[in-house]
Amino acid sequence: MDPSIRKRLLLAGAAAVIALAVAVVVLVSQAGKIVQNRLEQALGENFAVESIALSWNRVEVIQPRFMKDGRVTAQARRIVLEPEILSLLKSGLAVSSILLEEPSLALEIDKSGRLVMPVEIGGKTDSPSETKPMAVSIGRVEITDGTFVFQDHSRPAPNRVELRKLHARLDHLAYPLESRPSSFDVRMEVAGSLVSGSVSGSGAIGFDTRAVSGKFEGRDLVFLDGGGDGPVSRVGKLSFTAASEGGKNPLRLSDLTLVNPYLRLRTDRQGKSVSPLPGGPPEKAGAKEKDAGLTVEVKSLRIEGGELLYLDGKIARPPHPVRVTDIELTADQLAFPADDRVTAFRLEARLPGSQGTGRLTASGTTALASLDTAATAALRNLDLTAFKPYIRRKGDVDITRGFIDLDVDLGVQRRMLRAPARSVLRDLRFAGRGGLTDRFLGVPRDLVVNALSANGNRIEIDFVVEGSLDNPTFSLRESMITRLTIALARTLGLSAVESGGQAIIQGGRILKGVGDIMKELTK
């Protein structure tokens with residue numbers, strides 16, 4: 001080949017390579033500018049960024065932040081976007097993937113109870129526009145080491161929850177919302193003045209229908225009330241599977257398991273539950289209007305190693321503590337709000353006292369809406385000294401030792417309760433030497449002591465508790481104590497019936513106190 005021709009070919013080839021390189025550089029730079037313009041258009045004037053690094057297949061946004069009212073409401077250390085280059089020639093914004101490193105977001109509810117949006121997407125316009133919002137499609141979103149802060153200014157402190165070390169993956173996200181479900185995987189730590197612990201979950205969610213399907217787990221969750229009485233509730237492990245078709249369809253939870261849960265409940269002097277939240281439970285907007293709200297259905301509930309601390313403010317002041325430990329509970333199905341479905345349950349628990357630990361077992365069925373129930377319960381070795389406020393009346397002798405066994409067949413039909421019971425009082429001991437006016441459960445102490453001595457230190461008592469659940473004066477606890485008192489009096493040879501819940505009858509006359517009883521006994 002002629003050297004001159006070869007030279008010209010080499011020069012032409014070199015020129016072609018240089019031209020191609022220049023074309024690639026120009027294309028990449030223009031693509032980067034297009035992506036940058038699209039970002040600014042989509043995110044609006046409240047968006048600021050430290051710098052943007054562009055390449056032919058990705059955009060790195062360094063220290064982006066959203067501003068609102070002169071302060072940062074959302075930011076990240078870095079955002080990496082991989083755009084779909086071909087989509088740049090079309091309307092809308094399509095991104096293959098987005099990586100958010102160390103993002104943070106602050107979400108607030110103002111003093112009026114309204115949600116304050118931390119980010120305003122889109123630029124401001126001088127007049128209303130009928131233009132449709134830009135379509136955005138994202139193939140995958142990943143979050144690493146994120147932080148989310150929520151604060152409710154409509155409530156007194158503590159009112160702050162913080163999600164830390166948030167790691168999440170979400171596949172397919174689009175705006176406007178589409179019917180296609182998005183798969184997700186998330187794990188995080190929860191901190192703050194209200195709750196702490198760790199949470200994880202994976203599954204799929206439909207943002208347009210709010211349909212969800214997935215498995216969730218929480219560990220070492222602790223719920224606080226800001227006081228000095230310790231946690232309101234805690235649970236070592238919480239796990240369940242959730243599914244909902246969205247809309248007004250119920251949320252179905254299956255295999256709901258709580259391991260080592262703890263709950264503290266308190267009632268006031270009227271017997272009403274006291275909310276652990278400062279200022280009481282939050283009021284929903286439009287609460288005056290009837291709102292059915294979300295229905296939750298539970299299939300297969302299991303509680304393992306549970307504990308309940310009940311602070312009864314009605315029976316004593318300060319509230320009397322009742323501890324129930326080692327709770328093992330299973331229930332086949334539940335619904336909230338309650339409906340007419342029948343729930344089969346089984347319960348085991350322990351009630352510790354200074355003299356010994358009682359054991360409670362119960363099983364049966366109940367319909368939570370109507371309270372129709374058919375169940376049996378057995379209580380063994382209950383320490384009576386731990387329940388003095390429930391059995392002592394004014395003037396009763398103090399109990400220093402004693403136990404009770406109790407078997408109950410509990411039945412409720414059409415709001416009418418009937419519960420045949422058998423109890424055994426054992427090893428009763430009383431303070432002091434005793435006197436003629438001393439009594440236990442309204443019965444003369446000496447009669448009780450003599451009966452214990454004559455029957456192997458035990459007294460067997462049969463009684464029946466009956467009443468209407470719709471009667472505002474009916475109390476299962478008080479009715480049971482009254483029936484137990486009457487049955488004890490009869491067992492000890494006294495003719496007794498209930499009159500106004502307290503009276504004892506002998507010889508056809510109502511005896512209003514132990515003095516009247518003693519008069520009859522000494523005739």
Side-chain angles (χ1 to χ4, degrees), residues 32-54 58-83 87-88 92-126 128-129 131-154 159-170 172-177 182 184 186 188-192 205 207:
K33 290 180 179 179
I34 294 174
V35 171
Q36 183 175 358
N37 291 335
R38 291 291 177 87
L39 283 175
E40 292 176 351
Q41 179 182 357
L43 300 179
E45 62 182 11
N46 293 315
F47 175 70
V49 62
E50 186 71 21
S51 63
I52 297 179
L54 306 173
R58 64 191 291 164
V59 178
E60 293 190 21
V61 184
I62 311 302
Q63 296 184 9
R65 56 193 178 275
F66 283 93
M67 309 291 293
K68 186 174 183 180
D69 299 330
R71 62 189 181 94
V72 177
T73 56
Q75 61 183 344
R77 189 180 74 85
R78 186 177 69 143
I79 299 179
V80 180
L81 301 95
E82 296 184 0
S87 70
L88 299 176
L93 176 64
V95 179
S96 176
S97 68
I98 296 180
L99 171 64
L100 294 93
E101 295 181 353
E102 300 180 18
S104 66
L105 176 69
L107 188 63
E108 299 179 343
I109 292 180
D110 62 21
K111 293 183 178 180
S112 65
R114 295 181 179 180
L115 178 64
V116 179
M117 297 303 295
V119 175
E120 293 181 356
I121 302 243
K124 294 183 180 180
T125 58
D126 296 332
S129 174
T131 304
K132 294 183 179 179
M134 175 184 292
V136 179
S137 176
I138 304 173
R140 184 180 69 255
V141 177
E142 292 188 37
I143 298 175
T144 61
D145 204 15
T147 301
F148 173 84
V149 179
F150 171 77
Q151 191 162 12
D152 187 352
H153 294 284
S154 67
N159 55 14
R160 179 184 173 95
V161 176
E162 185 174 341
L163 307 183
R164 303 174 180 171
K165 297 182 179 180
L166 172 63
H167 296 267
R169 190 205 76 243
L170 180 65
H172 182 72
L173 184 64
Y175 180 82
L177 301 177
S182 303
F184 68 89
V186 61
M188 69 190 79
E189 294 182 1
V190 186
I205 183 171
F207 288 99

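One-based numbering along the sequence shown.
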Quick one: closest heavy-atom pair of [X] and [Y], and the distance?
X: L177; Y: F207; answer: CD1-O, 3.5 Å
X: Q63; Y: R65; answer: O-NH1, 3.3 Å
X: E108; Y: L115; answer: O-CD1, 3.5 Å
X: K111; Y: S154; answer: O-CB, 3.7 Å
X: H167; Y: D145; answer: CE1-N, 3.3 Å
X: T144; Y: P103; answer: O-CD, 3.5 Å

Study note, to complete from the structure: The single option from R58, E82, E142, R140 that satisfies side-chain contact (heavy atoms from CB on, under 4.5 Å) with L99 is E142
Practice item. Flag yes if more than 12 heavy atoms outside R114 fall under 6.0 Å of its CZ atom; otherwise flag no. Key: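 For R114, atom CZ is not crowded (no more than 12 foreign heavy atoms under 6.0 Å).
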[Y] side chain reached by [X] side chain, heavy atoms, under 4.5 Å:
X: F66; Y: L105; value: no
X: H153; Y: D110; value: no
X: I143; Y: F148; value: no
X: I138; Y: L81; value: no

Supply the atom-to-atom distance [X] [atom1] to [Y] [atom2], rounded to the nearest 0.5 angstrom.
X: E189; Y: T147; atom1: CD; atom2: OG1; result: 10.5 Å
X: R169; Y: S97; atom1: CZ; atom2: OG; result: 12.5 Å
X: R78; Y: S51; atom1: CZ; atom2: OG; result: 11.0 Å
X: Q151; Y: L107; atom1: CD; atom2: CG; result: 11.0 Å
X: E60; Y: I52; atom1: CD; atom2: CD1; result: 11.0 Å

Exercise for review: Could you tell me whether the side chain of S182 and the main chain of H172 form a donor-acceptor pair under 3.5 Å?
Suggested key: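 Present.
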